[in-house]
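What follows is a short report on a single structure.
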Amino acid sequence: MSDVNSRPADLPADATNEPVAGHFIHDEIIRDLAAGGRFAGQQVHTRFPPEPNGYLHIGHAKAIVINFSTAEKFQGLCNLRMDDTNPSKEDTEYVDSIKEDIHWLGYDWEDRFYYASDYFPQMYEFACRLIEKNLAYVCELTSEQIRQTRGTLTTPGSESPWRDRPAAESLDLFHRMRAGEFPDGAMTLRARIDMSSGNMNMRDPVIYRISRANHHRTGDRWCIYPMYDFAHPIEDAMEGITHSLCSLEFEDHRPLYDWIIDHIDGPARPRQIEFARLNLTHTVMSKRRLRYLVEEKIVDGWDDPRLPTLSGLRRRGFTPASVRSFCERIGVSKVNSTVDYAFLEHCLREDLNSTAQRVMAVIDPIRLIIDNYPEGKSETFEIENNPESPEDGTRTVTFSRELWIERDDFREEKFKGYFRLFPGQEVRLKTAYVIRCTGCDKDEQGQITAVHAEYDPATRGGNTPDGRRIKGTIHWVDTLNAIPAEVRLYDNLFSAADPDDSESQFIEHLNPESLTVRTGCQVEASLAGLTPPKAFQFLRLGYFCLDSKDSRPDQLVFNRSVSLRDSWSRSQK
RNA sequence: UGGGGUGUCGCCAAGCGGUAAGGCACGGGACUUUGACUCCCGCAUGCGUAGGUUCAAAUCCUGCCACCCCAGCCA
């Protein structure tokens, strides 16, 4: 490497004072911060502005991570703000879940928690100033008439007959709108911009409407409410936001955003930058679709472990670190994209591999009888809690003549590539002994009821003093103290990568096997009396967590967060 | 046929005129007391397309094509 003069050789590339770009938004911010830039010398200030009308999902997580991590990167601040300008759709019940989800993700807005409704008085004042400047007018067209006069994508709209009424008259009417003199929908306040603009948003957009809906915070103090396009830039300006990051569909609202900023003489001039929202394969993200699944009881509520809601992912066993890692690694761009669900799973496995305690559990148990092991005898073994993390220590498991093993770990006949139990075959019982399969018992129907084997006392601990190689190692649980449990196995909610394709109803793509409930599972005794939250790796099976809703200390219910990668079953397909 | 965007490997995504990073997925191999993990190897003579400028183009210019968003008193 050359250029040793520009930077001390022992410093990493980003150890200078110059911020290093992470994606195009950071590029823009670096430009804005540079000498002569739009925000030169200012502290970066972002915000996450959810509307409290639903639960947060992984798509929101992307936006949250972008906003909070951008602020962090530039040593700035990020606010949390409820964008509650439409009382007919919003409710305080969502506010708490939103805060909980963001905190769970690991972000904190300190004392900067705001409501758009906090600014209703200022917004009203700004609107009055706009009227006085003849930049807004009270329009008495009905919504139907407004629609008809808006024109189409290819033809200009026509001007409202109220467009040129005197400012004083508009102002008076606006005051009276606020005073409740007119019924809902009777009139609106419109920005006076350009009815022939190619940008529909600039065709005299409505910025205030009359609505007597009860607001979750301001009650019936107001009967007029600002529209998003008017409210949002003001909210940002009031909070001194520098960079207002939002999704692509607001791109053509930016001229209006800037128009508002330009004409209100607000306390700041924020800059809106848009990025592509997240789509994931095998699921749906729209509020409407999620609501449908919940209301039609296709899933078990907003926190169903199959849903991409943050509460669902949490219940499924996703860790905040894994979700954050996912959001950071998918990148930020302006390309409409759909990320493979497998990548989300990868991020979870990666986190859990290093942190999850290993434990033995048998989901589909069959009895293994070790015929040459003394009846009544029992011994104990120390097993590492996590081979990836020796400092996590060990735990004790008991061993006796009869064990539970996975039904799938026994075959009546050997077949190509299979190296678990079949008559004559040796396998290792994890950390216990090497055993040789001798056969099995069957009932009248021919169902296998038990597997028989003989153990080699010389292999205690699973070692082979004679050096012989044992290819297969299987997990097991002592029948003497195993704990019964329920295990819920999850798969994609939709079998199609894109359930929202245009040819069919998304509901037609539901995966009938998205949930498989297994009862009668047997888990090792160390799991007795457990309470959530706790994540485990069930050896050889996958990562599991206690179900936060249904698990009881005496009646354990586990959710499979994600299976282990399985090159064997993959090769069998 | 208006306006605003976007097109780099199956999926994300770097690249900012000097000769295509990385991750996921996939395939092969090594290792293995988890068929896990880890580690190797492979995976775009090509950057929507056609021209042009240049010694040199994914990067600059022009035309074309495809896809996404916009006609709520939703956000």
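The structure displayed is predicted, hence computed values, not measured ones.
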Step by step, work out the ring-ring contact (aromatic ring centres under 6.0 Å, His included) result for A:Tyr455 and A:Tyr433.
CA-CA 6 Å; A:Tyr455 84 116; A:Tyr433 289 104; 4.8 Å; yes
Select from A:Val339 and A:Gly151 the residue whose nearest nucleotide in RNA chain B is closer to the 5' end of that strand.
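Looking at RNA chain B, the more 5' nearest nucleotide goes with A:Val339.
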Using heavy atoms to find the nearest nucleotide of RNA chain B for A:Phe24 and A:Gly417 separately, return the residue whose nucleotide is more 5′.
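Nearest-nucleotide comparison on RNA chain B picks A:Phe24.
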Is the phosphate of [N], meaning OP1 or OP2, less than 4.0 Å from a side-chain N or O of [X]?
X        : N      : answer
A:Arg329 : B:rA13 : no
A:Ser333 : B:rC12 : no
A:Arg570 : B:rA25 : no
A:His346 : B:rC24 : yes
A:Arg150 : B:rC73 : yes
A:Arg209 : B:rA75 : yes
A:Thr155 : B:rG2  : no

Give [X] one of three labels, base, sugar-phosphate or nothing, depending on what nucleic acid heavy atoms sit under 4.0 Å from its own.
X        : result
A:Asn463 : base
A:Met202 : nothing
A:Val434 : nothing
A:Ile207 : nothing
A:Arg277 : nothing

Gap between atoms [atom1] and [atom2], on [X] and [N] respectively (whole Å):
X        : N      : atom1 : atom2 : value
A:Phe326 : B:rG23 : CZ    : C1'   : 12 Å
A:His253 : B:rG4  : NE2   : P     : 14 Å
A:Asp27  : B:rA14 : CG    : P     : 9 Å

Determine the interatomic distance between [atom1] on [N] and the same-named atom on [M]; round to the nearest Å.
N      : M      : atom1 : answer
B:rU34 : B:rA58 : P     : 48 Å
B:rC16 : B:rC68 : C1'   : 25 Å
B:rG18 : B:rA56 : P     : 15 Å
B:rC60 : B:rG7  : P     : 12 Å
B:rC26 : B:rC65 : C1'   : 31 Å
B:rA50 : B:rA66 : C1'   : 15 Å
B:rC41 : B:rC24 : P     : 14 Å
B:rU8  : B:rU19 : C1'   : 15 Å

Nearest to side-chain heavy atoms of [X], which nucleotide of [options]:
X        : options                : answer
A:Arg469 : B:rC24, B:rA14, B:rU32 : B:rU32
A:Arg540 : B:rG5, B:rU34, B:rC24  : B:rU34
A:Ser337 : B:rU34, B:rG23, B:rC12 : B:rC12
A:Pro387 : B:rA13, B:rU34, B:rC24 : B:rU34
A:Val335 : B:rG2, B:rA75, B:rA13  : B:rA13

Ring centres under 6.0 Å, that's the criterion: do A:Tyr55 and A:Tyr94 meet it?
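Distance test on ring centres: under 6.0 Å, yes.
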Are there more than 12 heavy atoms of other residues, nucleotides or ligands under 6.0 Å from atom CG of A:Asp184?
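It does: A:Asp184 CG has more than 12 such atoms within range.
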Does A:Tyr124 form a ring-ring contact (aromatic ring centres under 6.0 Å, His included) with A:Phe174? I'd like the steps, not just the answer.
CA-CA 9 Å; A:Tyr124 180 78; A:Phe174 188 52; 4.9 Å; yes
Suppose we call a contact any N or O donor and acceptor under 3.5 Å apart; does that hold for the side chain of [X] and the base of [N]?
X        : N      : value
A:Asp252 : B:rG3  : yes
A:Arg565 : B:rG35 : no
A:Gln537 : B:rU34 : yes

Angle class for the A:Tyr418/A:Trp568 ring planes (parallel below 30°, perpendicular above 60°, tilted otherwise)?
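Rings of A:Tyr418 and A:Trp568: tilted, 30 to 60°.
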Please identify which of these residues, A:Lys414, A:Arg420, A:Arg436, meets the salt bridge (charged side-chain N to carboxylate O under 4.0 Å, His left out) condition with A:Glu426.
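Exactly one pass, corresponding to A:Arg436.
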From CA spacing to verdict: ring-ring contact (aromatic ring centres under 6.0 Å, His included), A:Phe536, A:Phe544
CA-CA 5 Å; A:Phe536 298 96; A:Phe544 294 78; 9.4 Å; no
Should A:Tyr228 be counted as stacked on B:rA75, where stacking needs a ring-centre gap under 5.5 Å and an angle between planes under 30 degrees?
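A:Tyr228 vs B:rA75: stacking no.
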